[in-house]
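Below, read A as the first sequence line, B as the second, and so on, with proteins coming before strands; counting in each chain starts at 1.
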There are 2 protein chains.
Amino acid sequence: MTATKVTLKDVAARAGVSYQTVSKVLNGDMQVAPETMERIQAAVRELGYRPNRIARNMRAGRSFMIGYSWTQTEPGQVNHILDQFLSSMVREASAVGYYVLPFPFQEGSAQVDAYRDLIRSGNVDGFVLSSVNYNDPRIQFLLKQKFPFVAFGRSNPDWDFTWVDIDGAAGTRQAIEYLIGRGHRRIAILAWPEDSRVGNDRLQGYLDAMQAAQIGIEPGYVLRGEGTFDVGRAMTLHLLDLPSEQRPTAIMALNDTMAIGAMAAARERGLGIGTDLAIIGFDDAPMAQYLFPPLTSVRQPIAEAGHKCVELLVALVEGQPVAQKHVLLQPSLIIRASA
Amino acid sequence: MTATKVTLKDVAARAGVSYQTVSKVLNGDMQVAPETMERIQAAVRELGYRPNRIARNMRAGRSFMIGYSWTQTEPGQVNHILDQFLSSMVREASAVGYYVLPFPFQEGSAQVDAYRDLIRSGNVDGFVLSSVNYNDPRIQFLLKQKFPFVAFGRSNPDWDFTWVDIDGAAGTRQAIEYLIGRGHRRIAILAWPEDSRVGNDRLQGYLDAMQAAQIGIEPGYVLRGEGTFDVGRAMTLHLLDLPSEQRPTAIMALNDTMAIGAMAAARERGLGIGTDLAIIGFDDAPMAQYLFPPLTSVRQPIAEAGHKCVELLVALVEGQPVAQKHVLLQPSLIIRASA
DNA sequence: ATGATAAAGGCGAACGTTCGCCTAGAGAGA
DNA sequence: TCTCTCTAGGCGAACGTTCGCCTTTATCAT
């Protein structure tokens with residue numbers, strides 16, 4: 001019907017007051033006579049007035065936007081995280097008067113440029129980073145700029161910044177303890193390359209749990225490689241082809257994709273998954289429950305992480321005291337038939 | 001280093017011209033002496049000036065934002081679409097000077113309110129809708145408001161609006177033709193409830209292909225239900241328990257989750273998937289290739305759809321002539337071992 | 001010499017808010 | 001009656017752009 005924008009002046013004209021008064025009344029910054037209040041409210045209602053967000057932001061000198069960018073996954077991979085993480089960020093942001101601004105992921109040095117541009121153009125008040133790793137150039141840059149950000153994931157221990165992370169070590173530890181409790185001693189782990197901060201964290205839980213149970217770490221049981229199906233399958237075939245007294249009875253993979261590769265390998269060698277060979281994954285991808293057999297996996301509280309990131313970032317941006325600079329969320333082991 | 005914002009005036013002061021001149025020069029709206037140009041460019045470079053996007057939008061009376069909201073999936077489900085669709089929208093939008101603004105999904109009548117609020121507050125210049133269905137209240141509302149939007153998905157045939165969709169009928173047709181070519185005649189289909197526009201579209205491809213091949217449609221082979229694992233499994237068990245001369249030799253499901261349920265059912269009945277029973281899914285979820293056996297499925301050009309949606313919407317918003325109001329993209333059958 | 005024309009750039013205004021300060025009138029205390 | 005203090009609300013300014021129009025100076029053809 002009415003395509004034309006309704007402004008404060010329109011409301012003011014109809015209510016018979018100055019437009020600044022309308023502004024103040026709507027923002028609760030002023031006492032007015034009850035009848036005036038009534039007239040203003042009626043005008044707002046009848047005209048369908050909503051404050052123009054751009055003008056408001058202009059005046060405030062802020063954008064009330066949170067920049068977020070994520071690494072695009074390769075064609076074969078799923079980003080089952082994104083939906084949960086982004087949805088929970090958007091919801092929490094909206095609840096506190098912010099929006100999330102997704103921007104394109106860039107490779108290499110162009111990546112930091114994208115962050116710089118968003119800052120300089122006043123497009124965002126802060127960032128949430130994900131997929132952080134050691135020596136992350138974005139963190140380095142934002143720290144130097146003193147620009148507010150919260151990282152989903154830890155980085156170099158000597159860098160001082162606010163982060164939210166999932167306790168990967170605890171997740172793996174839980175899984176390994178479970179396997180040990182079921183009587184397994186020869187437990188192998190399909191880990192990631194050494195330059196992966198997340199991979200090292202998760203691997204640490206394996207080392208801790210084995211040591212706590214006084215089981216020596218067999219170097220041949222710790223395999224590293226890219227977290228893909230093919231790598232998981234190849235590593236598992238290698239393990240299964242060891243002499244039978246050395247062959248592991250349980251394999252944990254640091255993500256579900258590798259675990260599925262491990263399942264394929266077990267099937268190829270004619271082993272019953274969950275019976276002859278226990279397999280545990282990490283991430284609890286949505287498909288995990290539908291695999292044959294359903295995959296035991298470590299589930300991460302992704303939505304909670306997104307929520308926390310926004311909560312901390314907004315506190316940072318608004319200069320409120322931040323209760324906790326570091327939030328470490330606990331994952332949980334979802335036990336199914338594969339282990 | 002410099003936390004303070006750099007504005008046109010700062011640049012102008014350093015270059016020794018008026019700030020409006022800087023604006024015009026940067027926007028290519030004015031001819032200046034080469035030396036002046038040089039001074040301005042140097043000042044911009046040295047100060048790291050970027051135009052303030054909020055002020056620019058304020059002046060333009062537009063936000064250069066595209067609103068987008070998606071239905072949150074249930075815990076067990078994946079939204080493997082989101083990453084591709086959103087990424088491609090963000091990339092395309094960025095290329096033409098826009099951003100994508102995700103906002104929280106609301107149930108029921110609050111949903112339209114969210115759209116209305118975004119319009120009134122000047123937050124967005126247009127919308128991309130997804131998960132559209134028959135009688136979609138959002139489409140109804142936006143048409144009445146004459147507010148620019150592009151739907152990813154069709155709705156009521158008599159509503160006149162711009163959409164991008166994937167030719168689901170063609171996808172199913174391709175799959176069924178493939179099955180027929182492999183000698184199958186007793187082909188069942190696991191379809192969705194009748195109120196699903198997408199489901200009916202995909203189902204139509206089955207009907208078309210069967211008819212074209214002169215194979216009568218067996219009513220008992222067309223099963224409808226929610227697109228979940230459990231429903232897919234239950235429907236398949238029902239089909240497999242038919243007398244052997246009536247039992248289908250191939251089953252197509254309208255999504256991968258149901259197809260995986262069908263695979264579970266086949267396994268329970270001791271049938272070899274791809275040998276005793278052919279199974280085809282729809283969506284080509286990333287996990288499909290890692291299933292045992294790998295699932296034959298219909299792949300949709302999601303990224304292209306996202307790209308097109310933004311392209312059309314921007315044309316709409318800027319009042320440019322839209323080459324094609326309706327874009328129907330072709331899916332492709334990815335043949336693997338399950339059929 | 002003179003007027004026309006173009007090039008180079010200045011200036012005021014406006015977009016819709018919010019913020020701080022000002023004012024008119026009423027009520028109250030002395 | 002005078003002043004002092006509230007209360008309700010008005011008014012100007014500013015945020016950083018862009019747009020339209022104006023002014024100045026140089027260039028050129030007549």
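- Heavy-atom distances to DNA chain C give each of Lys9(A) and Pro34(B) a nearest nucleotide, and the one nearer the 5′ end belongs to Pro34(B).
- For Arg197(B), the salt bridge (charged side-chain N to carboxylate O under 4.0 Å, His left out) test picks out no residue, with sequence neighbours left out.
- Note: Phe85(A) and Phe152(A) have parallel aromatic rings, judged against thresholds of 30 and 60 degrees for the angle between ring planes.
- Atom CZ of Arg56(B) is separated from atom C1' of dC19(D) by 14 Å (rounded to the nearest Å).
- Asn133(B) CG to Asn156(B) CG: the interatomic distance, rounded to the nearest 0.5 Å, is 9.0 Å.
- Note on Thr7(A): only backbone sugar-phosphate atoms sit closer than 4.0 angstrom, heavy atoms only; bases stay farther off.
- In this structure, CG of Asp10(A) is placed 11 Å from P of dC15(C), rounded to the nearest angstrom.
- For the helix from dA1(C)-dT30(D) to dA30(C)-dT1(D), the end axes, each set by the C1' atoms of five terminal pairs, are bent relative to each other by 60° (nearest 10°).
- Rounded to an integer number of Å, the gap from Phe64(B) CZ to dT18(D) P is 10 Å.
- Going from atom CE of Met58(B) over to atom C1' of dA14(D) covers 10 Å, rounded to whole Å.
- When the side-chain nitrogen and oxygen atoms of Asn27(B) are compared with OP1 and OP2 of dT18(D), one or more of them lie within a distance under 4.0 Å.
- Residue contacts shown for Asn57(A) are absent, as no nucleic acid heavy atom lies under 4.0 Å away.
- Rounded to an integer number of Å, the gap from Leu8(A) CG to dC19(C) C1' is 13 Å.
- Listed by chain and number, the residues in a side-chain contact (heavy atoms from CB on, under 4.5 Å) with Glu38(B) are Gln41(B), Arg45(B) (sequence neighbours excluded).
- Applying the salt bridge (Lys or Arg N to Asp or Glu O under 4.0 Å) definition to pairs two or more places apart or across chains, those involving residues 149-158 of chain A are Arg154(A)-Asp165(A), Arg154(A)-Asp201(A).
- Note on residues 48-61 of chain B: pairs passing side-chain hydrogen bond (donor to acceptor under 3.5 Å, both in side chains), not counting sequence neighbours, are Asp117(A)-Arg50(B).
- Sorted by first and then second residue, the salt bridge (Lys or Arg N to Asp or Glu O under 4.0 Å) pairs with a member in residues 312-324 of chain B read Arg62(B)-Glu318(B); sequence neighbours excluded.
- Rounded to whole Å, the distance from OH on Tyr49(A) to C1' on dT17(C) is 7 Å.
- The separation between Asp29(B) atom CG and dC19(D) atom C1' is 9 Å, rounded to whole Å.
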Are any protein N/O atoms closer than 3.5 Å to N/O atoms in nucleotides 9-13 of chain C? If there are, list each pair with its distance.
residue	atom	partner	partner atom	Å
dG9(C)	OP1	Thr36(B)	OG1	2.7
dG9(C)	OP2	Ala33(B)	N	3.0
dG10(C)	OP2	Ser18(B)	N	2.7
dG10(C)	OP2	Ser18(B)	OG	3.0
dG10(C)	OP2	Thr21(B)	OG1	2.8
dG10(C)	O6	Lys24(B)	NZ	2.6
dG12(C)	N7	Gln20(B)	NE2	3.2
dG12(C)	O6	Gln20(B)	NE2	2.8

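- For Asp136(A), the salt bridge (charged side-chain N to carboxylate O under 4.0 Å, His left out) partners are Arg138(A), not counting sequence neighbours.
- Under the salt bridge (charged side-chain N to carboxylate O under 4.0 Å, His left out) criterion, Glu304(B) pairs with no residue, sequence neighbours left out.
- What separates CG of Asn52(B) from P of dT18(D) is a distance of 10 Å, to the nearest Å.
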